[in-house]
Amino acid sequence: MSLAIPSASSTVRDCVYAVMRDFGADTIFGNPGSTELPMFRDFPADFKYVLGLQEAVCVGMADGYAQANGKVVFVNLHSAAGLGNAMGNIHTAFKNRTPMVIIAGQQTRSILQFDPYLASEQATELPKPYVKWSIEPARAEDVPQAIATACHRALQAPCGPVLVSVPSDDWDRPAKPVLARKVSHRTRPDPAVLAEVTAALARSERPAFVVGAEVDRDGAWNEVVQLAERHSAAVYNAPMSARAGFPEDHRLFTGFLPAVREQIVQKLAGHDFVFVIGAPVFTYHVEGEGPHLPDGVALCQLTEDANGAARSPVGTSVVGSMRLTLRDLLEADAPPKRTPPPARMSAPYAEANGPINVAYLLQTLADLRSPEDVIVEEAPTARVVMHAHLPILRPQTFYTMASGGLGYGMPAAAGVALAQPDRRVIGLIGDGSSMYSIQTLWTAAQLGLNMTFVILNNRRYAALKRFGGVLGFPADAELPGTDLPGLDFVALAQGHGVRAERVQDAAKLRTALEGALESKGPSLVEVLVA
């Protein structure tokens, strides 16, 4: 392997790797196919190729990796079929706002007109609408500039995946190096509109903050805490937030808003001003009726997403960087003293009686983990219980899927562990969720990642059974396709090269989790939960 330096005789391949270096990248996630192989001829010694055994796994790992290190990430996918396999996690990366450049293979240019085997027809249309931008350059020599443009577009707020389709015979063609350049991706809002927000905050007597994932993504956790303390504001997590934006043990933390319109209005009653910071207004999961806010309540929204601001049904929206805007708000004069909101009631301590319940499992995990450990969660049934028994206390320590699509959690946890090898990573995954991307175990074993997968095995798609109640199904209704008998996660883990243990006795849970968390390399604990 060699380190290719672009020169007057450079190839497309040389120039593309140089662009990647300019953006601080040295890792490519992929599952190779014949149309991609020319990209990897004389693979550079300063790059790593991370192999996933299915394309969705590759994208999920890249998503976690990019979120954990804050840089643009590169994924290489096979032409039409490989991209299709990955679409579920591409959708999640789009909703997660992950800066990702997908380089997709394509058949050689000279035979594309004949509809050849492995060609991707309308390659740029296939991933839409879940990429911000896609292109198949008109000429081979245009590929390096297209990759550079893709990187900037992926990093523009709101971040997201982009795609460049590259015919396989382009890589060895001559090309000129692309000049490195910097683009500022953070913006400040209109000062006049920001002044309205400042005035509304100052007038408020009972403010509430609704904090979303954009806060953590923009590194504005400390600024939100300072602003909430200055205004004695009650702080809620936004509905279905994919990251935490506020310490859940803070005296001002009030709880989690549900994704139901009527319940949001009920929870926000008693406040006179709502400041939505880094989240939509609001994310709903079921149809609702009536107002979006209690009568007489004013609302302002701060978001990096202009499209999201346009969709907000009420209030004043300000578009800009979380960190820069919050710092501007902190420079305003101190508001009048306010009475702090009532303290949030703590959940009762779960007891280890009989079969293991989810509350006891998560509480035990909370006792054993460090606040700095990273939790990557994809266990929808356990989410509400997690809010009560496994609080998130530090920035950059919680990730989940913003899309609601399964198959993200296991590979994302591996991606986070690869990006941050000095931190302990815990993948908290449901039994149904894990089977969408179980091949992640092999990559974790091959890379020796220091991480623990905790599988909550309730032998069913329990979230669907619970949602059946929301839709009015009788409690004893038989829902086809929701039972998952016979899965053996210990055997699956060992077959992929990962140490594993099954626990079904509450008295043995703590010891099993402790051993897994303290071990080196990947481990898996399958917990049979009631």
Side-chain angles (χ1 to χ4, degrees), residues 95-97 132 155-160 183-246 252 257 264-265 268 271-284 291-294 296-335 338 395 402:
K95 292 293 187 178
N96 282 352
R97 300 183 184 173
K132 294 176 60 179
L155 288 164
Q156 268 176 342
C159 298
V183 175
S184 173
H185 299 292
R186 282 196 172 93
T187 60
R188 273 192 161 95
D190 182 340
V193 180
L194 193 59
E196 292 181 28
V197 178
T198 303
L201 263 175
R203 288 193 304 269
S204 171
E205 296 180 0
R206 299 175 304 281
F209 288 2
V210 177
V211 176
E214 293 175 27
V215 169
D216 202 36
R217 274 198 296 268
D218 201 27
W221 179 290
N222 292 335
E223 285 80 2
V224 165
V225 171
Q226 292 173 41
L227 194 67
E229 290 175 346
R230 168 180 278 207
H231 290 276
S232 295
V235 180
Y236 299 86
N237 257 10
M240 313 299 287
S241 184
R243 290 168 76 156
F246 198 83
L252 294 174
L257 291 186
I264 291 173
V265 171
L268 294 178
H271 299 289
D272 60 354
F273 176 75
V274 175
F275 188 20
V276 179
I277 307 173
V281 180
F282 292 100
T283 298
Y284 300 130
H292 299 276
L293 288 172
V297 175
L299 181 143
C300 288
Q301 177 196 31
L302 169 61
T303 180
E304 63 186 10
D305 182 5
N307 290 329
R311 283 193 295 267
S312 296
V314 292
T316 298
S317 293
V318 178
V319 178
S321 158
M322 299 297 106
R323 195 176 348 154
L324 296 181
T325 306
L326 292 170
R327 287 177 179 176
D328 288 343
L329 290 173
L330 285 167
E331 301 222 346
D333 294 337
R338 299 185 179 98

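Source: prediction; values computed, not measured. Quick note: residue numbers are just sequence positions, from 1.
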- What residue pairs, at least two apart or across chains, pass side chain to side chain donor-acceptor pair (under 3.5 Å) with a residue in residues 205-216?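 Checked against side chain to side chain donor-acceptor pair (under 3.5 Å) - neighbours excluded - the pairs reaching residues 205-216 are R97-E214, E214-T303, D216-R243.
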- Query: Can you list every pair that meets ring pair (Phe, Tyr, Trp, His ring centres under 6.0 Å) and has a residue in residues 190-230, with sequence neighbours left out?
  - Reply: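 Listed once each, the pairs are F209-F275.
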[atom2] on [Y] to [atom1] on [X], rounded to 0.5 Å:
| X | Y | atom1 | atom2 | answer |
| --- | --- | --- | --- | --- |
| S321 | R188 | OG | CZ | 7.5 Å |
| L268 | L257 | CG | CG | 5.5 Å |
| Q226 | L329 | CD | CG | 12.0 Å |
| L302 | M322 | CG | CE | 3.5 Å |
| F273 | L201 | CZ | CG | 4.5 Å |
| L227 | N222 | CG | CG | 12.5 Å |

With [X], which residues qualify under side-chain hydrogen bond (donor to acceptor under 3.5 Å, both in side chains), at least two apart?
| X | answer |
| --- | --- |
| E223 | R327 |
| S312 | Q301 |
| R230 | none |

Which side-chain N or O atoms in residues 189-199 pair as donor and acceptor under 3.5 Å with protein atoms at least two apart or in another chain?
unit_1 : atom_1 : unit_2 : atom_2 : d
D190   : OD1    : A192   : N      : 2.9
T198   : OG1    : L194   : O      : 3.0

- Message: Check whether K132 reaches the backbone of L155 with its side chain - one donor and one acceptor, N or O, closer than 3.5 Å.
- Response: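 No, the answer is negative, given that no donor and acceptor are paired below the 3.5 Å cut-off.
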- Query: Side chain of R338, backbone of S204: donor and acceptor closer than 3.5 Å?
  - Reply: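 The answer is yes, because a donor-acceptor pair under 3.5 Å joins these two groups.
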- Query: Is it true that R186 and D218 have a side-chain N and a carboxylate O under 4.0 angstrom from each other?
  - Reply: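 Yes, charged N to carboxylate O under 4.0 Å.
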- Query: Parallel, tilted or perpendicular: which describes the rings of Y236 and H271, with under 30° parallel and over 60° perpendicular?
  - Reply: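 Perpendicular.
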- Could you tell me whether K95 atom NZ has more than 12 heavy atoms of other residues or ligands within 6.0 Å of it?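 Atom NZ in K95 is not packed in, count stays at 12 or less.
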